[in-house]
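What follows is a single structure, written as structure tokens, with notes after it.
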Amino acid sequence: MKTRSSARGEPRRLGNAALLALMLCSVVALSLIRGRFAPIVTTAGDAIKSEDDAAAAAVAVSKAAVNVDTGDGADEAAAEAAAEEKDKEEVQPKPADGSGGGAAKPVCYETSRRSDTCEAAGDVRVVGSTQTVYVDSLDREWKTKPYCRKHDNFALAHVKEWSLKALPSGSGSGAAPQCTVNSSATAFVLSTGGFTGNPFHDYTDVLIPAFITAHPLRGEVQFLVSSYKSWWMNRYIQIFQQMSRHEVVDIDADDEVRCYRNVVVGPTFHRELGVDASKSPSPGYSTADFRKMLRDAFGLERATATPSGDRWDIRRRPRLLIISRRPSRGRAFMNERAMADMAASLGFDVRIGGPDTSTDTSKFARLVNSCDVMVGVHGAGLTNMVFLPAGAVVVQVVPYGRLEWLARNTFAEPSAGMEVHYLEYVVQLDETTLSEQYPSDHPVLRDPMAIHKQGWNALKTTYLDKQNVRPHLGRLKNTFLQALKMLPHGRDD
């Protein structure tokens with residue numbers, strides 16, 4: 001019975017198979033016809049939509065990364081690399097107000113995902129007391145906040161907004177403000193509000209972007225500083241004096257009407273702690289040029305880490321600097337003295353130092369420049385790598401908690417542009433004081449990504465503010481030996 005039943009079903013199955021094959025052939029044929037005759041605009045539209053979706057995703061990622069306050073680090077670090085790649089694709093300047101761009105370059109335009117810059121020429125009159133720039137060539141009003149964190153509302157809350165307006169042509173109360181000071185320099189308006197006071201933000205948000213804009217002007221630029229802080233300017237005045245031959249003006253408190261032929265409002269951001277030579281005006285300048293300017297500003301003697309003789313000896317041992325932090329701030333070395341003794345046993349001339357708001361910037365810059373290796377836990381103190389000579393080594397100790405992404409964006413990637421070797425020491429579970437604060441099965445210790453998902457504040461409080469570290473001297477010794485091998489030992493080696 002089973003045999004006869006199977007025989008009767010066989011023709012039916014063959015018929016079904018033939019029908020399915022016919023349907024499949026029809027679908028393939030229709031696809032080929034559509035691919036041949038469908039309008040090209042449909043394909044282009046889909047491509048544009050894909051790019052928009054990708055951009056939206058990048059923005060979503062950047063919004064998910066909440067600010068880092070003036071304690072340490074940098075906000076939006078996780079999305080920075082992807083955003084910079086997108087910046088490289090921009091060919092035409094994009095209007096800063098989001099309006100459609102025409103053939104002419106807009107007055108205010110997006111120079112990167114982090115910065116807007118406004119440029120105008122003609123009869124320029126700056127009234128600092130009202131944060132207004134009048135220009136006779138303008139046909140509309142523009143507004144901007146001259147600080148390089150344009151999507152960071154917390155930072156921008158501490159930055160004053162500036163307006164660029166058409167120069168009035170009326171009389172009486174509607175007349176143009178009369179010039180009281182004239183200058184042939186280019187006026188450059190920037191803010192020292194935001195997150196300034198933290199060395200990382202001082203350099204990546206203000207000083208390096210200011211250099212990017214001012215360097216091509218060869219000293220013929222006048223800095224008009226909004227949200228001026230005298231203590232901050234005193235810390236970095238040598239840098240501004242290297243970039244400009246003119247006095248720095250506290251523009252918000254200025255009662256003058258300052259007149260120029262050219263004005264720039266807002267610096268240009270390229271990347272964290274760096275200058276992108278491919279985006280610089282021809283001939284391109286780079287992070288190396290910024291570092292040379294720093295050496296000139298602070299009188300730093302060493303451009304490279306090359307020793308004076310053929311090899312390191314007792315007269316000039318390689319110098320290692322340990323960046324020290326107070327345990328109450330978090331991310332301090334709990335065995336700092338033992339680390340120093342171990343490094344000395346390897347032949348290093350060891351120094352321990354920790355910059356703070358009262359530290360003389362020039363003095364500490366000279367200390368860093370005298371060193372060949374600098375080691376520190378992730379934090380603003382590592383920003384002092386800008387003073388290291390080329391060929392030196394920076395060792396970043398990454399706190400426990402899956403923070404390699406933060407370490408990479410803030411200090412690992414910028415090291416290449418500074419011509420500094422980079423090494424990383426990742427803290428393990430038995431090297432963190434968190435193991436003394438939480439039970440062994442707590443998510444802080446066993447599942448750091450669960451803390452990451454709670455947002456930046458939870459991550460920062462747990463892994464940056466509450467954690468100190470005690471590196472294994474054996475593991476750290478291997479890292480220091482690797483750093484020693486990276487140093488230029490002279491022409492015989």
Once rounded to the nearest 0.5 Å, what's the spacing between atom [atom1] of [X] and atom [atom2] of [Y]?
{"X": "Leu459", "Y": "Met449", "atom1": "CG", "atom2": "CE", "result": "8.5 Å"}
{"X": "Thr287", "Y": "Ile212", "atom1": "OG1", "atom2": "CD1", "result": "8.0 Å"}
{"X": "Asp252", "Y": "Leu224", "atom1": "CG", "atom2": "CG", "result": "10.0 Å"}
{"X": "Ser226", "Y": "Leu190", "atom1": "OG", "atom2": "CG", "result": "8.5 Å"}
{"X": "Leu273", "Y": "Phe411", "atom1": "CG", "atom2": "CZ", "result": "6.5 Å"}
{"X": "Met374", "Y": "Leu388", "atom1": "CE", "atom2": "CG", "result": "5.0 Å"}

TODO: Step through the shown structure and confirm whether more than 12 heavy atoms of other residues, nucleotides or ligands are within 6.0 Å of NZ on Lys363.
DONE: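 No, because the 6.0 Å sphere around NZ of Lys363 holds 12 heavy atoms or fewer from other groups.
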Open item on the list: Looking at Arg326, I want to see if its CZ is surrounded by more than 12 non-hydrogen atoms of other residues, nucleotides or ligands under 6.0 Å.
Closed with: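 Counting other residues, nucleotides and ligands, CZ of Arg326 stays at 12 neighbours or fewer.
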Task: Leu423 side chain reached by Gln396 side chain, heavy atoms, under 4.5 Å - done: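 No, their side chains stay 4.5 Å or more apart.
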Task: Sub-4.5 Å side-chain heavy-atom contact between Met339 and Leu473 - done: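 SC-SC contact between Met339 and Leu473 confirmed.
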Is it the case that the side chain of [X] and the backbone of [Y] share a donor-acceptor pair, with hydrogens and angles ignored and the cut-off at 3.5 Å?
{"X": "Thr462", "Y": "Ala458", "value": "yes"}
{"X": "Asn468", "Y": "Arg331", "value": "yes"}
{"X": "Arg291", "Y": "Val386", "value": "yes"}

TODO: Tell me yes or no: between the side chains of Tyr400 and Glu431, is some donor less than 3.5 Å from an acceptor?
DONE: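 Note: Tyr400 and Glu431 side chains miss the donor-acceptor criterion.
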- [ ] Go through the structure and list residues passing salt bridge (charged side-chain N to carboxylate O under 4.0 Å, His left out) with Lys292, not counting sequence neighbours.
- [x]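 Checked Lys292 against salt bridge (charged side-chain N to carboxylate O under 4.0 Å, His left out); matches are Asp296.
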Task: Which residues share a salt bridge (charged side-chain N to carboxylate O under 4.0 Å, His left out) with Glu436, sequence neighbours left out - done: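 Here the qualifying residues are Arg470.
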Set of ring pair (Phe, Tyr, Trp, His ring centres under 6.0 Å) partners for [X], sequence neighbours left out:
{"X": "Phe387", "answer": "Phe298"}
{"X": "Phe188", "answer": "Phe223"}
{"X": "His158", "answer": "Phe154"}
{"X": "Tyr285", "answer": "Phe211, His215"}

Task: Val264 and Glu119: CA distance, side-chain angles, deciding distance, side-chain contact (heavy atoms from CB on, under 4.5 Å) verdict - done: CA-CA 5 Å; Val264 177; Glu119 297 180 333; 4.2 Å; yes
side-chain hydrogen bond (donor to acceptor under 3.5 Å, both in side chains) against [X], all qualifying residues, sequence neighbours excluded:
{"X": "Glu419", "value": "none"}
{"X": "Thr268", "value": "Thr117"}
{"X": "Arg295", "value": "none"}
{"X": "Tyr236", "value": "Asp202"}

N-O pairing of [X] and [Y] below 4.0 Å:
{"X": "Lys150", "Y": "Glu110", "answer": "yes"}
{"X": "Asp372", "Y": "Arg319", "answer": "no"}
{"X": "Asp116", "Y": "Lys145", "answer": "no"}

Scan the side chains in residues 244-251 for donor-acceptor partners under 3.5 Å anywhere in the protein, sequence neighbours excluded, and list what turns up.
from: Ser244; atom 1: OG; to: Val221; atom 2: O; distance (Å): 2.4
from: Ser244; atom 1: OG; to: His246; atom 2: N; distance (Å): 2.9
from: Ser244; atom 1: OG; to: His246; atom 2: O; distance (Å): 3.3
from: Arg245; atom 1: NE; to: Glu220; atom 2: OE2; distance (Å): 3.4
from: Arg245; atom 1: NH1; to: Arg218; atom 2: O; distance (Å): 3.3
from: Arg245; atom 1: NH2; to: Arg218; atom 2: O; distance (Å): 3.0
from: Arg245; atom 1: NH2; to: Glu220; atom 2: OE2; distance (Å): 3.1
from: His246; atom 1: NE2; to: Glu220; atom 2: OE1; distance (Å): 3.2

With a 3.5 Å cut-off and sequence neighbours excluded, list the donor-acceptor pairs that the side chains of residues 439-447 form with protein atoms.
from: His442; atom 1: ND1; to: Val444; atom 2: N; distance (Å): 3.0
from: Arg446; atom 1: NE; to: Ser440; atom 2: O; distance (Å): 2.8

